[in-house]
Amino acid sequence: MVRVRFAPSPTGYLHIGSARTFIFNWLYARRNGGTMILRIDDTDVERNTEASLNSIYDGLRWLEMDWDEEYRQSDRIELHKKAAWAIFEAGHAYRDFTPATNTDDEATSANSTRGPWLCNPGMRELTAEESERRAAAGEPFVLRFRVPRGEGRTIAFADSVYGEQSKSADDVEDFALLRSNGMPTYHMASCADDADIKISHIIRGQDHLSNTFKHILIFEALKAEIPQFAHLPLLVAPDGAKLSKRKHGPVVSVTTYRDAGFLPHSYVNFLCLLGWSPKDNREQMSRQELMESFSLAGVNRSNAVVNFSEEDPIDPKAIWLNSQHLRVWPVDELAPRVKAVLAAAGLAALEPESQYQWVVDTIRSRFFTLNDFATKGRAYFADDFPMQPEAVVKLDAAPARELLRELAVRIEALPEFSEASVEAALRALAEEKGVKAGLLINGSRAALTGQTVGPSAFAVFAALGRERVVKRLAAV
RNA sequence: GGCGCUAUCGUCUAACGGUUAGGACGGAGCCCUCUCAAGGCUUAAAUACGGGUUCGAUUCCCGUUAGCGCUACCA
């Protein structure tokens, strides 16, 4: 019975690395008929905000992800405390009355040349009586795990991604379970919950790989079954540093990609390719294909760089992949999404629906994001659209303007308006005037769309309809 | 500093110890064409370094270097 969880702490918007972790968990659950659990790790009251909680929901909803069970750690603090004291009762934890040290003072902690910190002097050896007495006297303490020491104990586990892992218990410090205010630490709360809700596979970022040794100790002390672990390589910036909002800005937030006009399943596809491969050269994959192909064995071990820069704030491969999905996505599913983007830009879809969908289908092959429909595609949905300088150049190529106005007259007089009839009329006019058809074809595109690039000019005629075509050509 | 992890084109990645080290994005070039950041084709571009093991290492082992993570009463 596969039970996996994604456990974000709501201290910021949904990060793309977190989103990928969710996706891998979700894929694993769906692939194996398991249960996907969302657990909000909101025990850090100082940093939690309602806004970031909403951003997590928004992000997951946008990615079209779902889950089967949901928990909130703040509802379960009593359970965590109980678990901590059970560990204490079993003799695997002790009270440490050492006052909190100033963590800003780096010389006293991590960079000390005196060697690794393992525990505070004297506290492990306190007698039960003295420990009780000082606690009863109201002296503050943290509850620390009593890590087996000097017994030659090796903690080992087989990570589904990183393989056999082991570490001497002598290298693991006596980490805290309960703070001096009685509140559980992350390690305590997380493991107590994982044990309680019977998580079978913990799939999470590689930044927890070293923490896993502590977690195994906790699971053992709780007499809980130890889950299978799978750590995921991290997503990093081009300089190799961990992605952070302060340093790297909006690239790290999934809302950036939503707002940039990405298709959710395309962005999911992109995220999956960062650190995972189906190993058969496929890249563009539907959600169904991802579900069928995903396996932890396909996850690799080195960090993946999200390739962005000043000039290209979004990874070019993400954009390319989106364009590929944009081209093949069923039009009837794409059309409503385009409609939403148009509406946001104050534009209305065309009537009837069949014509609208035909236009969407016609113009999408040159677009990269949904937003392109409202920008590059504006001329198809509105009469006010910008004229590119290159388009003006095309029109200024004499005798383009004069002939386009003549073309307007002829199109208006056409007994029947269609791609074929317009083409015939245009070619006849060109021949008559002794100019190349290209002059009128390219001139038409420029006059009708304000652009020199786009679909076949005859498709443009059909997309706009006779009325707009005549109006725009006559007005050149 | 201690401990853990990682190392293939610029980027994402593929390669039961035996391949001309493959694919994709991006770059360059060509073709097609009524235009195009569309499509088709071509091309440049990588096994971090040094030692082993082996008939043969991208692949296994050791070391070096570099990067990342943990080393908090953060998560």
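Computed from heavy atoms alone, side chains included, the values below leave out hydrogens, waters and symmetry copies.
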Exercise. Is Glu70(A) atom CD crowded by more than 12 heavy atoms from other residues, nucleotides or ligands, each under 6.0 Å away?
Worked result: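 Yes, CD of Glu70(A) has more than 12 neighbouring heavy atoms, counting only those of other groups under 6.0 Å.
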Exercise. Are there more than 12 heavy atoms of other residues, nucleotides or ligands under 6.0 Å from atom NZ of Lys279(A)?
Worked result: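 Counting neighbours around NZ of Lys279(A), more than 12 heavy atoms of other residues, nucleotides or ligands fall under 6.0 Å, so yes.
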Measuring to OP1 and OP2 of [N], would you say a side-chain N or O of [X] lies under 4.0 angstrom away?
{"X": "Lys279(A)", "N": "A14(B)", "answer": "yes"}
{"X": "Gln206(A)", "N": "U6(B)", "answer": "no"}
{"X": "Arg144(A)", "N": "C73(B)", "answer": "yes"}

Problem set entry | Ring-face cation of Arg95(A) near Phe141(A) (centre distance under 6.0 Å, axis angle within 45°) |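 Yes, a cation-pi geometry holds between Arg95(A) and Phe141(A).
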Complementary nucleotide for [N] - Watson-Crick or wobble, under 3.5 Å:
{"N": "U11(B)", "value": "A24(B)"}
{"N": "U35(B)", "value": "none"}
{"N": "C55(B)", "value": "G18(B)"}
{"N": "C30(B)", "value": "G40(B)"}
{"N": "C3(B)", "value": "G69(B)"}
{"N": "G63(B)", "value": "C49(B)"}

[X] side-chain proximity, nearest of [options]:
{"X": "Asn307(A)", "options": "U11(B), C68(B), G23(B)", "answer": "U11(B)"}
{"X": "Asn300(A)", "options": "C70(B), C5(B), U13(B)", "answer": "U13(B)"}
{"X": "Arg445(A)", "options": "G23(B), U8(B), U35(B)", "answer": "U35(B)"}
{"X": "Tyr162(A)", "options": "A24(B), C5(B), C12(B)", "answer": "C5(B)"}
{"X": "Ala100(A)", "options": "C12(B), G2(B), C73(B)", "answer": "C73(B)"}
{"X": "Ser277(A)", "options": "A14(B), A24(B), C25(B)", "answer": "A14(B)"}
{"X": "Leu234(A)", "options": "G69(B), A38(B), G26(B)", "answer": "G69(B)"}

For this session: Kindly say whether Trp329(A) contributes a backbone atom to a donor-acceptor pair with the side chain of Arg364(A) at under 3.5 angstrom?
Result: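 Judged by distance alone, yes, a pair lies under 3.5 Å.
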Kindly indicate whether the side chain of [X] and the base of [N] share any N or O donor-acceptor pair separated by less than 3.5 Å?
{"X": "Ser180(A)", "N": "C73(B)", "value": "yes"}
{"X": "Arg301(A)", "N": "C5(B)", "value": "no"}
{"X": "Asp171(A)", "N": "G4(B)", "value": "no"}
{"X": "Ser456(A)", "N": "C34(B)", "value": "yes"}

Exercise. Would you call Glu431(A)-Arg427(A) a salt bridge at under 4.0 Å N-O?
Worked result: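 Salt bridge absent between Glu431(A) and Arg427(A).
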Problem set entry | Integer angstrom distance from the C1' of C25(B) to that of C68(B) |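 Comparing C1' positions in C25(B) and C68(B) gives a spacing of 25 Å.
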For this session: Pick base, sugar-phosphate or nothing for Lys214(A), based on heavy-atom distances below 4.0 Å to the nucleic acid.
Result: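 Sugar-phosphate contact only - Lys214(A) comes under 4.0 Å of backbone atoms but never of a base.
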Exercise. Using a cut-off of 4.0 Å on non-hydrogen atoms, how would the nucleic acid contact of Glu173(A) be classed: base, sugar-phosphate, or nothing?
Worked result: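 Contact class for Glu173(A): sugar-phosphate only.
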